[in-house]
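All remarks here apply to the structure that follows.
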Amino acid sequence: MTYHPKSDFMRVMIERGYLADCTDYQALDEAFLKGVVPGYIGFDATAKSLHVGSLIQIMMLRWLQKCGGKPIVLMGGGTTKIGDPSFRADERPLLTDAQIGENIAGIKRAFSPYVTFGDGPNDAVMVNNAEWLDALNYIGFLRDIGRHFSVNRMLSFESVKSRLDREQSLSFLEFNYMILQAYDFLELHRRYGCLLQMGGSDQWGNIVNGVDLTRRIVNGEVFGLTSPLLTTSDGKKMGKSQNGAVWLNGDLLSPYEFWQFWRNTTDADVGRFLKLYTELPLEECERLGKLVGSEINAAKVILANAVTTLLHGAEAAAAAEATAREVFEKGGIGDDLPTVALSVEEVADGVGIVQLFVRAGLAASGKDAKRLIAEGGAKVNDEIVTDAGLRYGAGELAEPLKLTAGKKRHALVVIG
């Protein structure tokens with residue numbers, strides 16, 4: 001990136017590593033110098049919470065507001081009924097209206113720690129695209145909007161080509177998704193004066209469609225900006241851990257487990273993640289990212305504390321760090337460990353060690369738990385378990401049972 005930005009927002013996007021591509025760097029930069037720039041990112045409601053993979057987009061909305069812009073959080077109540085086919089190997093399962101409504105209610109909770117909602121010019125708003133998509137007249141929509149889309153061009157987009165090249169079916173329903181996403185940008189421009197759509201680089205084709213459509217229909221100058229698709233330095237998709245998705249909602253993943261995910265960051269990713277997921281000064285991010293040996297572990301704690309504080313608050317971050325210290329340094333049982341509560345009835349005939357590891361989320365399946373035990377990676381109260389047939393009754397569970405998988409994943413089992 002050789003462009004030297006004048007606005008705070010573009011400077012942050014470039015210097016902290018958020019920027020992959022932009023439809024017009026200079027014109028967007030100048031728009032930020034002229035006044036409030038409303039910008040949006042869309043989030044489809046395919047689950048009851050977003051996970052860490054969406055956090056880069058949430059941070060972009062946060063920086064947009066901090067730099068004087070107006071964040072628009074677009075919930076895909078309408079587009080979720082189709083499902084984004086971009087770079088997917090198969091069609092998403094269709095959700096009911098009730099399921100989508102429940103998911104949106106859960107997702108909303110992730111945004112309030114990051115952006116301030118309200119009625120002011122700089123305040124964030126949350127909008128549901130079902131407001132306009134559900135009421136569309138199909139024939140009218142095709143006449144007014146569909147005529148601006150070339151099927152030849154739509155087929156040339158990499159997200160579509162990759163699916164067709166593998167000879168995997170792309171339904172006509174899914175093929176409509178990019179038209180509807182483009183229409184979202186037009187509607188948000190009409191309703192809120194939206195000038196900017198942001199998203200991951202896999203959304204580039206959809207974003208360009210929206211920019212083009214808005215210019216064609218209302219002659220509006222709008223912009224698109226994408227962020228890199230993040231993988232960890234060892235090639236893993238961001239947002240996934242050994243134990244599944246790293247959810248942002250505390251009822252699906254405890255603050256301690258969230259903290260622990262960041263504490264376990266690979267050495268090579270520390271500097272980059274500090275820039276993307278915290279607000280520490282750039283110089284400090286770079287200094288911490290260059291540490292080696294045992295010193296890099298201190299940087300990982302700083303990363304975990306900063307990211308957890310943004311989402312769950314400083315108190316939760318401090319409690320997670322204290323628990324980690326108690327568990328790792330002293331071999332004790334921390335106060336904040338994930339806890340599985342079993343009923344008295346469940347343990348009346350004893351409960352198997354394999355089932356406990358699965359229930360605690362330390363193993364994905366019974367087979368996974370047995371493999372963990374066979375390889376010596378399972379511990380109960382810091383003692384290695386070698387017998388996958390072990391069972392625990394009410395007597396053994398009178399005191400909390402500490403389960404450990406590998407070196408860093410822990411949980412408690414209690415009766416209650």
Side-chain angles (χ1 to χ4, degrees), residues 20-24 39-46 53-54 57 72-95 100 127-191 194-218 220 222-229:
D21 213 341
C22 181
T23 54
D24 190 331
Y40 92 94
I41 299 178
F43 299 88
D44 277 346
T46 52
S54 296
Q57 266 73 55
I72 300 172
V73 180
L74 181 67
M75 300 307 304
T79 39
T80 302
K81 294 172 186 175
I82 293 177
D84 184 1
S86 297
F87 297 98
R88 285 185 60 83
D90 51 15
E91 190 168 356
R92 288 186 189 274
L94 295 181
L95 302 178
I100 291 170
V127 186
N128 187 338
N129 65 11
E131 287 178 28
W132 51 85
L133 295 183
D134 282 2
L136 282 178
N137 173 297
Y138 183 62
I139 300 298
F141 180 72
L142 289 181
R143 281 172 57 92
D144 297 339
I145 305 300
R147 66 189 180 90
H148 293 288
F149 288 81
S150 159
V151 171
N152 308 57
R153 186 159 183 259
M154 292 166 74
L155 289 170
S156 73
F157 283 116
E158 194 58 42
S159 57
V160 174
K161 276 176 61 180
S162 63
R163 182 87 157 259
L164 298 179
D165 288 347
R166 294 193 299 268
E167 297 184 359
Q168 289 162 326
S169 173
L170 178 71
S171 73
F172 182 68
L173 178 70
E174 293 176 285
F175 194 53
N176 276 271
Y177 186 94
M178 65 176 74
I179 300 180
L180 295 178
Q181 184 170 327
Y183 184 65
D184 283 344
F185 200 172
L186 173 63
E187 277 295 318
L188 289 171
H189 181 69
R190 283 170 166 165
R191 295 172 183 231
C194 186
L195 298 178
L196 172 65
Q197 181 182 174
M198 299 184 290
S201 57
D202 60 338
Q203 295 297 310
W204 179 249
N206 292 338
I207 290 173
V208 169
N209 276 332
V211 171
D212 289 346
L213 180 67
T214 305
R215 285 174 176 163
R216 285 169 181 262
I217 299 283
V218 296
V222 294
F223 308 96
L225 184 152
T226 58
S227 62
L229 282 186

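Atom set for the values below is all heavy atoms of this structure, side chains included, hydrogens, waters and symmetry mates excluded. What you are looking at is a predicted structure, and each value in this text was computed from that prediction instead of being measured.
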So NE2 of H148 and OG1 of T214: to nearest 0.5 Å the spacing works out to 10.5 Å
Hits for side-chain hydrogen bond (donor to acceptor under 3.5 Å, both in side chains) against N129, two or more places apart or cross-chain, chain-then-number order -> T79, D184
Exactly one of I41, N128, D44, L188 clears side-chain contact (heavy atoms from CB on, under 4.5 Å) with L74, and that residue is L188
**Asked** Is the shortest heavy-atom distance from the side chain of E131 to the side chain of R191 under 4.5 Å?
**Response** yes
Q.
Quick check: do F185 and L213 have side-chain heavy atoms less than 4.5 Å from each other?
A. no
Nearest heavy-atom approach of A20 to S201 is CB-CB, 4.4 Å
Rounded to the nearest 0.5 Å, the CD1 atom of I179 sits from the CG atom of N209 at a distance of 8.0 Å
The side-chain contact (heavy atoms from CB on, under 4.5 Å) partners of A45 (sequence neighbours excluded) come to T80, I100, N103, I104, I107
Distance col, row M75:CE vs F43:CZ, nearest 0.5 angstrom, shows 8.0 Å
Residues at least two apart in sequence or cross-chain that pass side-chain hydrogen bond (donor to acceptor under 3.5 Å, both in side chains) with Q57, listed by chain then number, are S227
Output for pair (I217 CD1, H189 NE2), nearest 0.5 Å, gives 11.5 Å
Checklist line | Min side-chain heavy-atom separation Q203-Q197 under 4.5 Å | finding: no
#### Entry: Polar side-chain atom of T23 near backbone of G224 as donor-acceptor pair, under 3.5 Å
yes
Residues passing the salt bridge (charged side-chain N to carboxylate O under 4.0 Å, His left out) test with R216, sequence neighbours excluded, are none
Here the gap from I207 atom CD1 to C22 atom SG, rounded to the nearest 0.5 Å, amounts to 10.0 Å
side-chain hydrogen bond (donor to acceptor under 3.5 Å, both in side chains) filter on D24, not counting sequence neighbours, yields none
Point to revise | Side chain to side chain, V208 and R153, heavy atoms closer than 4.5 Å | key: yes
So CD of Q181 and CG of N206: to nearest 0.5 Å the spacing works out to 4.0 Å
The salt bridge (charged side-chain N to carboxylate O under 4.0 Å, His left out) partners of R215 (sequence neighbours excluded) come to none
> Got L180 and L136 here, is their nearest side-chain heavy-atom distance under 4.5 Å?
Replying inline: yes
- Item | Derivation and outcome, side chain to side chain contact (heavy atoms under 4.5 Å, CB included), residues W132 and L186 | CA-CA 11 Å; W132 51 85; L186 173 63; over 6 Å; no
